[in-house]
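Worksheet: the structure to be examined is printed underneath.
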Amino acid sequence: MNSDRREFLKFAVGGAALSAVGAAVLPGDSVAEAAPAKSQHRWGMVIDLRKCIGCEACSVACSMENDVPLGEFRTIVSTYEIDTGGQARRATLPRLCNHCENPPCVEVCPTQATYKRDDGIVVIDNTICIGCGYCVQACPYDARFINPETHTADKCNFCVQRVDEGLLPACVETCVGGARIFGDLNDPDSEVSRLLQEYPTEVLKPEMGTDPRVYYIGLSDYLQAKVDGMPVPWSKEEILEGMTDGSAN
Amino acid sequence: MDPQIRGIIGITHDVLWGVGDVYYMFAIGASAAALLLAILFYAAGVKRLQRVAPVGLIVASALGFAAPLSLIANLYQSGRFYSLFFRTHLSSSPMSWGAIILTLYILTLVIMDVMVYTHTKGGQIAQPFPLIGAIAGFFAVAVIIYTGIEISAVRAIAMWHSALVPVLFLLASVISAVSLVVILGWIDRRIKKEEEKGFLGTLLFWTLLIDILLQFIWLIVFIMFGGRSVINIRQSVFQQHASSFLLVGFLLTVVLPAIILILPSLRRSWGSLLVASVLATVGAWVLRWNLVVTGQEMPKTAIDFNRYTLALTGHDSVLNLVGNIALVIFFVIVLEWILEMAEFEGELGKDRVSRQQGERVVDGGVAR
Ligand code: SF4
Ligand code: SF4
């Protein structure tokens with residue numbers, strides 16, 4: 001375990017006890033755990049694209065940890081082939097909920113089923129969500145979907161169940177290249193704060209005014225907003241069909 | 001030089017708000033605008049709308065009572081819809097406001113129905129009720145505005161986030177209301193006079209003209225200044241959905257009915273008025289479809305378009321739509337019957353009083 005992870009555990013341990021109480025009083029798989037009252041933390045993520053190898057281990061770990069239904073993703077590494085004047089290269093872009101400081105998804109939710117905790121994590125209480133889909137429309141990052149099993153809105157929650165227990169999100173824990181770094185933005189000594197100070201970072205779609213808390217190192221302009229180009233040559237439906245009729249291999 | 005980008009791994013999302021939501025927006029808009037037409041007579045006492053008003057009220061009530069059921073059925077957790085009323089988010093959610101506005105609107109519709117039922121005498125109302133009418137009118141306008149704002153508030157979808165959207169919704173609502181009133185007025189034969197047809201035809205014509213102008217501006221704005229989505233918008237409007245946007249959505253259902261009604265004499269003829277009304281009703285639907293469904297097909301982050309598949313059964317399906325339309329027809333029949341009864345009783349009452357007083361009964365337009 002590196003020093004950042006030890007640091008992280010140290011910060012998170014205080015919140016864990018309180019959130020355990022929260023979890024005990026809330027039913028089912030609700031993620032409505034209140035963050036520690038007036039949390040000192042502001043969780044965020046830095047994604048160092050120089051280190052991402054596009055292995056999708058994070059997507060798999062996330063789906064396993066959070067029981068994400070087949071065909072849906074809380075995080076995915078979008079992968080592109082970029083041809084600049086005959087020089088082709090591959091670019092990867094891990095996408096997830098940005099846990100925006102000004103989250104439009106929270107603004108529009110008519111029932112306040114989705115909200116931002118004191119520690120900045122945007123969560124959905126799926127015991128309240130009516131499945132209207134308004135938040136899905138409002139998110140500029142395609143980070144949300146309606147879970148076909150719970151019939152409620154779903155998205156990355158920074159693995160709040162792990163964070164509150166002092167653990168790292170599953171994607172961060174599993175990232176082989178160490179491209180995903182998670183930590184407390186309020187702590188000037190955390191690795192995320194250090195990276196933000198040391199390197200120029202970008203966020204996705206800054207023009208949306210959402211003030212994301214997921215920062216990228218090495219993000220090219222043409223991947224920052226909606227990407228224009230030639231689409232993926234196969235559809236989700238084709239892949240899912242292949243998986244169900246056994247022809248995927 | 002701009003690089004060539006090809007997607008290798010990425011996902012597209014399914015369109016979430018489909019036929020059921022389009023239908024709700026169409027139906028509730030038509031309902032609210034039809035109520036405004038009815039109020040002109042019942043509350044403001046505009047005499048020449050005497051026979052148009054009951055038709056407007058029937059259209060407003062039938063659609064207004066049935067459409068919210070489609071909205072509830074379209075929630076993925078329909079059973080929890082009641083939480084919209086006790087877990088409100090009025091500080092920033094148009095949908096939260098919408099739930100309250102819609103409820104109050106339906107309540108005022110019921111009150112209007114009861115008032116008209118109890119005040120109708122011999123095809124005329126004893127006296128207009130301006131206060132109730134004003135309240136009902138306020139909520140009718142609020143319903144139209146909130147549906148438009150609910151869409152235009154979504155900044156993430158380029159095609160939705162425009163101040164023109166609520167205005168287009170308002171125009172489409174008036175167009176569909178007038179058209180449906182014409183169609184029902186012809187079916188139930190309440191609307192007969194040249195003057196009434198002329199009024200409705202002229203209202204439809206001018207609303208269509210304004211709609212042509214605004215739809216044109218709206219399309220130009222997106223085709224020219226759609227920001228990062230401009231490539232997808234052009235692809236959508238000129239290639240993938242060219243028939244839906246340009247041919248059906250604009251030429252056949254907005255421009256053509258306006259041309260049909262260009263001569264005042266044609267506005268008074270049933271043939272041309274009915275053809276224009278049917279086309280315009282389709283146009284009001286297609287506008288919502290193009291905005292709501294095609295708008296969601298525009299990718300927010302991905303390269304490829306999102307896809308919409310129209311389901312025949314289940315959630316947000318054709319069957320849901322057919323069920324709700326059947327409910328509308330049922331409400332129309334019931335309301336026609338109730339109103340007829342009120343008018344008939346009123347007519348008999350008036351007839352009796354008149355006979356006692358030795359007066360001749362003036363046809364209030366009811367006895368047929
Ligand atoms: S990325 Fe989307 S879902 Fe996540 S907080 Fe921002 S707006 Fe909400
Ligand atoms: S789908 Fe659920 S979380 Fe999203 S806006 Fe509707 S009620 Fe809120």
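Just so it is clear: chains get the letters A, B, ... in the order the sequence lines come, proteins before strands, and each one is counted from 1. Bear in mind that the values here come from a model prediction, so they are computed numbers and not experimental data.
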As an exercise, state the distance from [atom1] of [X] to [atom2] of [Y], rounded to the nearest 0.5 Å.
| X | Y | atom1 | atom2 | value |
| --- | --- | --- | --- | --- |
| Thr127(A) | Gln77(B) | OG1 | CD | 10.0 Å |
| Phe145(A) | Asp14(B) | CZ | CG | 11.5 Å |
| Arg87(B) | Cys109(A) | CZ | SG | 10.5 Å |
| Thr79(A) | Ile8(B) | OG1 | CD1 | 6.5 Å |
| Asp142(A) | Asn306(B) | CG | CG | 6.0 Å |
| Thr152(A) | Arg80(B) | OG1 | CZ | 6.5 Å |

Quick one: closest heavy-atom pair of [X] and [Y], and the distance?
| X | Y | value |
| --- | --- | --- |
| Pro3(B) | Thr84(A) | CB-CG2, 3.8 Å |
| Ser83(B) | Thr111(A) | OG-CG2, 4.0 Å |
| Leu16(B) | Gly133(A) | CD2-CA, 3.5 Å |
| Tyr80(A) | Gly7(B) | CD2-CA, 4.0 Å |
| Ala156(B) | Pro140(A) | CB-CA, 3.5 Å |

Check for a donor-acceptor pair, side chain of [X] on one end and backbone N or O of [Y] on the other, with a separation under 3.5 Å.
| X | Y | answer |
| --- | --- | --- |
| Lys300(B) | Ala143(A) | no |
| Tyr134(A) | Glu150(B) | yes |
| Arg6(B) | Ile82(A) | no |
| Lys226(A) | Met298(B) | no |

Trp97(B) versus chain A, the contacting section by heavy-atom distance below 4.5 Å: neither
Any residue meeting side chain to side chain donor-acceptor pair (under 3.5 Å) with Glu107(A), in chain and number order, not counting sequence neighbours: none
Sorted by number, residues from residues 91-102 of chain A in contact with chain B (heavy atoms, under 4.5 Å):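 So far as heavy atoms go, Arg95(A) are the residues that approach chain B to under 4.5 Å.
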Contacting region of [X] [heavy-atom separation from chain B under 4.5 Å]:
| X | value |
| --- | --- |
| Arg144(A) | backbone |
| Ile130(A) | both |
| Gln87(A) | neither |

Given Asn74(B), Leu75(B), Leu71(B), the one that forms side chain to side chain contact (heavy atoms under 4.5 Å, CB included) with Cys132(A): Leu75(B)
For Ala61(A), all residues meeting side-chain contact (heavy atoms from CB on, under 4.5 Å), sequence neighbours excluded: Ala170(A), Thr174(A)
side-chain contact (heavy atoms from CB on, under 4.5 Å) involving Phe138(B) - partner list, sequence neighbours excluded: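 With sequence neighbours excluded, Phe138(B) shows a side-chain contact (heavy atoms from CB on, under 4.5 Å) to no residue whatsoever.
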Check: Ile11(B) and Ile76(A) side chains under 4.5 Å, non-hydrogen atoms: yes
Side-chain heavy-atom pair Ile9(B), Val77(A) within 4.5 angstrom cut-off: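 A side-chain contact is absent here, since even the closest heavy-atom pair is not under 4.5 Å.
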Plane angle bin for Tyr76(B) and His151(A) - parallel if under 30°, tilted between 30 and 60°, otherwise perpendicular: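 Answer is parallel, since the angle falls under 30°.
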